[in-house]
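Only heavy atoms go into these numbers, but all of them, side chains included; no hydrogens, no water, no symmetry mates.
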Amino acid sequence: MYLTDRSAPAGAGTVPGRRRGLRPGVAPVVLVLGTVSLITDISSEMVTAVLPLYLVTTLGFSPLAFGTLDGVYNGVGALVQLTGGHLADRIRNHKLLAGLGYGLSALCKPLLLLVSSIGALGTVLALDRTGKGLRTAPRDAMISLSTPSGKQGRAFGVHRAMDTTGAMLGPLAAFLILSAAADGYDAVFGVSACVAVLGVVVLVLFVPGKRRGARVDRANEAEGGQPVLVREAGVADTGGLEAGAADGKPPVRIREAFALLRLPRLRALAGCAALLGLTTVSDAFVYLLLQRRAGIGEQWFTLLPLGTALVFLLLAVPLGALADRVGRHTVFLSGHGALLIGYALLLWAPATPALPFLVLALHGVFYAATDGVLPAALADIVPEELRASGLAIVGTSQALARFCCSLAFGAAWTVWGDGPALAASAVGLLCCAAIAGRVLRPTNGSR
């Protein structure tokens with residue numbers, strides 16, 4: 001039974017004093033999950049920063065072999081996202097699924113110390129991405145379900161900014177370890193494992209469990225009305241974190257999750273995310289191309305992700321708030337425009353000292369305009385009880401496309417060289433962005 005309180009006068013839902021000070025205007029759970037992501041990203045980005053150089057220069061992998069591993073690194077997580085999202089909705093316990101994902105990734109970090117063949121490395125990386133796939137949709141669902149519809153972009157921007165802080169600290173830590181340790185790569189993998197365990201501990205101890213209270217009726221707010229407090233009698237309202245079996249609702253079935261594809265707006269968003277993902281070159285290849293194009297020394301390679309992360313950190317919240325105001329599809333497509341300019345610079349700009357800064361800045365703009373904006377765009381499309389499943393469907397379509405891009409780009413680099421491979425990706429991105437612009441054209445006030 002729902003009891004709706006509409007007795008408050010107009011404007012009463014806004015308390016001016018609550019917006020003052022340093023509070024970012026997002027739910028506490030967003031900040032806690034941001035902290036977990038910050039710690040976890042320090043761990044994962046330490047590995048990501050050194051992995052391309054470790055595989056190509058130390059283990060002697062070819063671009064095709066590296067592209068295959070990079071594709072596995074992203075593709076396995078993409079497939080598992082569907083499982084993680086559906087299970088989180090089915091058991092109504094997003095925190096449990098997210099915790100399992102973080103824990104599995106943490107267990108994989110020390111295994112990197114023990115493997116050296118492409119098969120063993122592929123297995124470990126696949127398990128690590130399985131953990132990422134399990135946690136991504138439940139985590140984003142917790143963020144989405146704790147945030148009013150009109151502030152989704154800002155909330156995801158705050159989370160991604162905290163996440164990106166970890167992405168900055170990870171490569172910096174890897175650089176310092178490689179500079180100080182005699183057996184640098186093993187030291188990086190060992191420290192990464194310890195940091196990953198800390199992230200799991202913070203999730204278990206500080207991400208809130210069941211609680212009673214009020215939540216915002218987001219449907220009413222999306223229609224332009226004042227926020228309305230809704231209470232469910234006798235059932236703990238968790239804002240999407242957990243729900244007991246006592247709510248009396250039947251488990252979400254998998255066909256209900258896939259029935260979301262009947263929603264035209266979700267189908268269009270998933271299709272466009274996949275289309276653009278097919279021409280989005282992975283970060284590792286971008287950094288390898290930039291190193292070769294600008295003549296950057298190997299000792300500085302691990303610092304390249306810092307440039308992307310810094311711009312991402314600075315712009316994630318402003319661009320997320322901008323997306324809430326001007327339209328999430330507009331900002332999402334503009335981010336791909338920035339990436340296209342970065343490709344053009346890598347292809348044709350002279351190798352000046354400014355080139356790395358320009359390319360990394362555009363790379364950061366791309367992530368700030370897309371990474372949090374895409375899940376925010378689902379807030380007005382997917383019902384709450386299927387939110388994790390909807391996020392997983394769109395995220396999987398994008399990640400699988402990027403998996404295919406990694407394989408194709410690695411093969412093209414091996415056969416034709418890096419320049420023609422990147423040129424083909426740039427032309428493809430331009431065409432796909434034009435198609436997506438027509439498909440995602442706002443209708444009926446949609447964002």
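In terms of the salt bridge (charged side-chain N to carboxylate O under 4.0 Å, His left out) criterion, residue partners of D371 (sequence neighbours excluded) are, by chain and number, R160. In this structure S43 satisfies the side-chain hydrogen bond (donor to acceptor under 3.5 Å, both in side chains) test together with S192, sequence neighbours excluded. Checked against salt bridge (charged side-chain N to carboxylate O under 4.0 Å, His left out), K109 has the following partners two or more places apart in sequence or in another chain: D128. Not counting sequence neighbours, the partners of A412 by the side chain to side chain contact (heavy atoms under 4.5 Å, CB included) test are W416, A421. The side chain to side chain contact (heavy atoms under 4.5 Å, CB included) test applied to A88 returns H94, L97, P138, A388, not counting sequence neighbours.
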Problem set entry | Trace of the side chain to side chain contact (heavy atoms under 4.5 Å, CB included) decision for L378 with L266 | CA-CA 7 Å; L378 290 167; L266 184 139; 4.0 Å; yes
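Pairs of residues two or more places apart, or lying in two chains, that qualify as side-chain hydrogen bond (donor to acceptor under 3.5 Å, both in side chains) and include a residue from residues 341-369 are D283-H363, D283-Y367, T308-H363.
Closest non-hydrogen pair, A368 versus V373, comes out as O-CG2, 4.3 Å. I296 approaches P356 most closely through the heavy-atom pair CD1-CG, 4.1 Å. For L333 against A433, the heavy-atom pair with the smallest separation is CD2-O, 4.4 Å. For the pair A155 and V30, the tightest heavy-atom approach, listed with the atom from each and the gap, is O-CG1, 3.6 Å. Nearest heavy-atom pair, L31 versus M162, reported as atom, atom and distance to 0.1 Å: O-CE, 3.5 Å. Across all non-hydrogen atoms, the minimal contact from V29 to S146 is CG1-OG, 3.1 Å.
Rounded to the nearest 0.5 Å, atoms CZ (R154) and NE2 (H159) are 15.5 Å apart. Rounded to the nearest 0.5 Å, atoms CZ (F156) and CG (D140) are 4.5 Å apart.
Ring geometry for W300 versus F175: interplanar angle under 30°, hence parallel rather than tilted (30 to 60°).
For the pair L288/W413, a side-chain contact is recorded, criterion being any heavy-atom separation below 4.5 Å from C-beta on. The side-chain heavy atoms of R402 and S282, taken from C-beta on, include no pair separated by under 4.5 Å. Y102 has its side chain within reach of S37: a pair of non-hydrogen atoms, C-beta onward, lies under 4.5 Å apart.
In this model, a donor atom of one side chain and an acceptor atom of the other lie less than 3.5 Å apart for R135 and S105.
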